Amino acid sequence: MSRQPESQGVVLTGYHSNAELLAQPGLSIACPPSQEHDPQATSRRTGHYSVQQNHSTLPGDNPSAESQRPRPSVCSNPGSSPRHSPKTRLRPGLPCQRCNSQDSLDELEMDDYWKEVENISRSAEKGGGEGGNDEEEQPKPPYEGEQEEAWLTEAGLARLFDGSLAAEQEQEEDSAAFLSTLTRAQAAAVERRLTSLQQTLRRRNRQHLPDVRDIFRLPEKQDKEPCEVQEGSESAPSDASSAEPETVMNVEVAFSEQALTYRDNKPLLAVQTSPNSPDDKLPNFKLLKDKTGQTRVEHLSPPDMKKVRRLALVEMTALFDTAGIDLKAHKAVKVKTNESGLFGVPLTTLLDQDQRRAAGTKVPFVLQRLISHIEEEGLDTEGLLRIPGAATRVKSLCQELESCFYEGTFPWQQLKQHDAASLLKLFIRELPHPLLTVEYLNAFIAVNKLPTKKQQLQALNLLVLLLPEANRDSLKALVEFFQRVIEHQAKNKMTLNNVSVVMAPNIFMFKGCRSKVTEQQEFSMATGTANIVRLLIRYQNLLWPIPKFILTQVRQQNMESQRKQNKERAMRKLLKKITTDKPPDRVAPEQESSQGFIRVQAPQFSKVSMAVQLTEDLQAADVLTRFLSQDSSVAVKPEDLCLYEIGGNIKERRLDGETFMKDLFQLNPTAEWVIKSAQ
């Protein structure tokens, strides 16, 4: 495993940029069309800027004719930065390459990033936030082996290193079922961390631990391959996966296995990147069609979602391992938080108080209301999200919103668009724990280091699944809102890149865990975090579904862990059938299925069941349509009615309308099919 420099272990926090030096008289940011490359030149902003003397451009002068648009001043108060000192020297940068693509992050757009950082600093100086989180606790350096222990515990494998848990039979069987479904890359990720931890514990003279080879000697089939699984699942990658177009997202084969194939076949790949055509255009990725239906996080029952998170953690780690990226997760520290109000309150606390008013709330009311206000008042406001409201006025509005929001007396009709956008950004920044969580923030930033766009999106997909529910739902609401802002770019002048660079500091800067960052780290993280936000917005439709290979592993775990229960249940059914003298008055479900029919239950409605013939083109939406046509007493809207797959190798799963029932029945023949209102 390759070790990464210490710079990867930092967190983007409230800091001051050196960019205000450029505002001094006689200096300007320039991007000459041609410039000799100086091999000794060091880039101030990740190689996109060069600083040169310009005697004709002084503050107050007219812009040069070469300027295509006004360039915002980063700081109106030179010398305010703690890093600003007479010893600071301006260094020439590498020649920048301009790109006409709206999907590239160029140096002019990054000016908005530094301007946003300066606006955040001014807001903090004026007390714009009401969170009261000025006091912070510095994270303690982890003790040896702590990271591995935390990782294995989160993956539900604590019993592998904690002997006191081995006696719990249920957990031991669950761990065995979990390990038996891992692919070779996933198993290698577990082995790597377990081996490291075992070496650490032995140095501490702790209790004797089993050898890794004994732990992974589970079923006989794993003597050959630790990831040999059923047909149609995430088994070892086939040659076809490497031949797929780079814009096709294969969710049937584990991402880490695809990455191994890419790494092994990289010298043979025909796709090459030319220096004159950098990878700055975002292609239109598409998911392979799954006839058994797409599954989102809200479609699965909590027990199955728990398995999904465990698998996503192992798979995400395995994916980074293939690229030699060693993730160092930060440990969440305790910070003082408000237990009531709106700003500086944990998302879970906000949702608890909102759910008491409206059950089932998934996104805090205040976040919903700010978004809806901006949309109702129009998304055509020029510079929306980029132009800040006056700091003093925003502070006053923040206090008024705190006191009047739940009473319904806040004067929304008087709230200006730019002020509403500033309140929205303030709400995100004032969260006591970052929206992307302290634990996974470094992983989000490290996504940029993965070698291909496809792998970056795959990692983001897994990270989204790992987020706590409150964070995931709030992030989803935000990126959907950002997309609606971008759709009005013709009038508001906010492109995908504009929104990304403005929102990146607000999402990645937080109060609860500050670290010192170097100037070089500051600049590289600027473009890196902006790119992550850009990917989250651009590919949001790809990031929330659960990959099929993970769902297949969940099904396998359920089959393994419930094998005994299924045998006992089958025995009870057999005994009941033998002791029942009365012949069945209808065809048994098993007999119906063998004849090409399934029985759909609807216990909530007057028509409690109906037989449905399975055909090649029968979809879940067709079943619902047929049910509604036969039961006119149903008072539920068609869009609120769902078909569920319950039992068999899944706990409970809501089907999307495009699920082909015959294909799903073949995958889970013992399931029950139930129509009920969407939960």
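Not measured: the values here are computed from a predicted model.
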Got a donor-acceptor contact below 3.5 angstrom from the [X] side chain to the [Y] backbone?
{"X": "Gln355", "Y": "Gly360", "answer": "no"}
{"X": "Asn284", "Y": "Thr247", "answer": "no"}
{"X": "Thr322", "Y": "Leu260", "answer": "no"}
{"X": "Asp656", "Y": "Thr659", "answer": "yes"}
{"X": "Asn461", "Y": "Leu457", "answer": "no"}
{"X": "Arg310", "Y": "Ala155", "answer": "yes"}
{"X": "Gln368", "Y": "Val363", "answer": "yes"}
{"X": "Thr261", "Y": "Glu257", "answer": "yes"}
{"X": "Asp112", "Y": "Val502", "answer": "no"}
{"X": "Arg429", "Y": "Asn506", "answer": "no"}

For Lys291, enumerate each residue passing the side-chain contact (heavy atoms from CB on, under 4.5 Å) test, keeping only those at least two apart in sequence or located in another chain.
Phe660, Asp663

Under the side-chain contact (heavy atoms from CB on, under 4.5 Å) test, which residues partner Lys362, sequence neighbours left out?
Glu469, Asp473

First locate atom [atom1] of [X], then atom [atom2] of [Y], and finally report the distance between them rounded to the nearest 0.5 Å.
{"X": "Leu379", "Y": "Phe481", "atom1": "CG", "atom2": "CZ", "result": "6.5 Å"}
{"X": "Phe427", "Y": "Leu431", "atom1": "CZ", "atom2": "CG", "result": "5.0 Å"}
{"X": "Ile532", "Y": "Gln456", "atom1": "CD1", "atom2": "CD", "result": "6.5 Å"}
{"X": "Asn492", "Y": "Gln417", "atom1": "CG", "atom2": "CD", "result": "10.5 Å"}
{"X": "Leu313", "Y": "Glu439", "atom1": "CG", "atom2": "CD", "result": "11.5 Å"}
{"X": "Gln258", "Y": "Thr183", "atom1": "CD", "atom2": "OG1", "result": "11.0 Å"}

Check: [Y] and [X] side chains under 4.5 Å, non-hydrogen atoms:
{"X": "Leu367", "Y": "Leu424", "result": "yes"}
{"X": "Gln353", "Y": "Phe365", "result": "no"}
{"X": "Met316", "Y": "Leu463", "result": "yes"}
{"X": "Leu347", "Y": "Asn471", "result": "yes"}
{"X": "Val533", "Y": "Ile537", "result": "yes"}
{"X": "Asp290", "Y": "Val251", "result": "no"}
{"X": "Met249", "Y": "Lys286", "result": "no"}
{"X": "Thr317", "Y": "Arg193", "result": "yes"}

Check the side chains of [Y] and [X] for a donor-acceptor pair under 3.5 angstrom, ignoring hydrogens and angles.
{"X": "Asn448", "Y": "Asn531", "value": "yes"}
{"X": "Gln186", "Y": "Glu315", "value": "yes"}
{"X": "Ser301", "Y": "Arg653", "value": "no"}
{"X": "Thr495", "Y": "Asn498", "value": "yes"}

Begin with the C-alpha distance, continue with both residues' side-chain angles, and end with the deciding distance and a verdict on salt bridge (Lys or Arg N to Asp or Glu O under 4.0 Å) for Arg386 and Glu116.
CA-CA 7 Å; Arg386 181 173 60 82; Glu116 183 69 15; over 6 Å; no

Taking the inter-plane angle between the rings of Trp412 and Phe405 on a 0 to 90° scale, is it parallel (under 30°), tilted (30 to 60°) or perpendicular (over 60°)?
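Rings of Trp412 and Phe405: perpendicular, over 60°.
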
Would Arg296 and Trp544 count as a cation-pi pair here, with the cationic atom under 6.0 angstrom from the ring centre and within 45° of the axis?
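No, a cation-pi geometry is absent between Arg296 and Trp544.
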
What do the steps show when you test Leu311 against Phe549 for side-chain contact (heavy atoms from CB on, under 4.5 Å), and what is the final call?
CA-CA 10 Å; Leu311 288 163; Phe549 73 88; over 6 Å; no

Looking at [X] and [Y], what are the two nearest heavy atoms and their distance?
{"X": "Ala358", "Y": "Thr361", "answer": "O-OG1, 2.6 Å"}
{"X": "Leu450", "Y": "Ala459", "answer": "CD1-CB, 3.5 Å"}
{"X": "Tyr113", "Y": "Ala504", "answer": "CE1-CB, 3.9 Å"}
{"X": "Leu435", "Y": "Leu467", "answer": "O-CD2, 4.4 Å"}
{"X": "Pro364", "Y": "Asp354", "answer": "CA-OD2, 3.4 Å"}
{"X": "Leu370", "Y": "Ala420", "answer": "CD2-O, 4.2 Å"}

Leu415 and Leu423: side-chain contact (heavy atoms from CB on, under 4.5 Å), yes or no, with the steps?
CA-CA 10 Å; Leu415 183 62; Leu423 287 172; 4.1 Å; yes

Is a salt bridge present between Lys493 and Glu382, judged by a nitrogen-to-oxygen distance below 4.0 Å?
no

With respect to Asp304, which candidate in Ile546, Leu551, Ile650 satisfies the side chain to side chain contact (heavy atoms under 4.5 Å, CB included) definition?
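Looking at Ile546, Leu551, Ile650, the match for Asp304 under the side chain to side chain contact (heavy atoms under 4.5 Å, CB included) is Ile650.
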
Apply salt bridge (Lys or Arg N to Asp or Glu O under 4.0 Å) to the pair Lys416 and Glu377, showing each step before the final yes or no.
CA-CA 9 Å; Lys416 299 178 181 179; Glu377 294 300 313; over 6 Å; no

Exceeds 12 heavy-atom contacts within 6.0 angstrom, atom CD of Glu480
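Yes, enclosed.
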
Please evaluate residues Met503 and Ile428 with respect to the criterion side-chain contact (heavy atoms from CB on, under 4.5 Å), reporting the C-alpha separation (whole Å), side-chain torsions for both, the decisive distance (0.1 Å), and the verdict.
CA-CA 10 Å; Met503 291 309 304; Ile428 300 170; 4.0 Å; yes

Checking Met494 against Ile486 for the side-chain contact (heavy atoms from CB on, under 4.5 Å) test, could you report, in this order, the C-alpha distance in whole Å, the side-chain angles of both residues, the deciding distance, and whether it holds?
CA-CA 6 Å; Met494 296 299 292; Ile486 294 166; 5.9 Å; no

